[in-house]
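Every number for a ligand or one of its atoms is a count from 1 in the order of the listing. For this chain, numbers begin at 1 and follow the sequence in order. Since we're looking at a predicted model, the values are computed, not measured.
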Amino acid sequence: MLIAVTKDANNNILPVAYAIVDEETTHSWCWFFYQFRHFVAEDGQLCVISDRHKGIIHAMENLDEWKEPFAYHRFCLRHVRSNLMKSYKNSLNNEGVYRIVTKLQRSETGGNTHIVQYFQHSCTCGKWQMKRFPCSHALAVCRHRGDNPISIVNFVYYTDTYRKQYQYAFTPLLHVEYWLEADWVIEAD
Ligand SMILES: [Zn+2]
């Protein structure tokens, strides 16, 4: 699905146009941009903020109605940051050890230091090891690295695991009348 969104006066995301296409290709993006210009925003200058998908770049560079000064293309900083973190992941922090200092609250709590061992899935707060679910410190590191948070959640939380746990039927114990007669007795010492 290709989608164009903008922000409304309340700073909330407002969808403007979308299209279901078979694939995200240069051709489909060009088609989408063409339709958008001719049926949604015919006049006026537009600024397009997107990731660096080749199809979007191609459409912005080659369709006359999307060239400057009719439209300007800028890259989304979140994507730029995420690409950068991915490319330099190893050189940024080889060991995967991070020091997290929590924010000092008005109630004078916080201001604690925790060490996150990202690849070992552990944090000095202990929650990550205990619950196998990333603590807030681990999530901060995950965000800093531009990783997908799902990648650091233990498989025990996956729906697949949950389904496997319940795939077998539970056989309840029969009524005492159906119990077999024992051919032995228990004697106390
Ligand atoms: Zn922690």
> Is the ring pair His121/Trp128 parallel, tilted or perpendicular, if the boundaries are 30 and 60 degrees?
parallel
> Can you say whether the rings of Tyr118 and Tyr98 are parallel (under 30°), tilted (30 to 60°) or perpendicular (over 60°)?
perpendicular
> Quick one: give me the number of protein N/O/S atoms under 2.8 Å from the Zn ion (ligand 1).
4
> Which residues pass the side-chain contact (heavy atoms from CB on, under 4.5 Å) test with Thr159, sequence neighbours left out?
Arg163
> What pairs with Thr171 under side-chain contact (heavy atoms from CB on, under 4.5 Å), at least two apart in sequence or on another chain?
none
> Applying side-chain contact (heavy atoms from CB on, under 4.5 Å), name anything that partners Glu65, two or more places apart in sequence or on another chain.
Tyr34, Arg37, His38, Leu63
> For the residue pair Tyr166 and Tyr162, categorise the inter-ring angle as parallel (less than 30°), tilted (30 to 60°) or perpendicular (more than 60°).
tilted
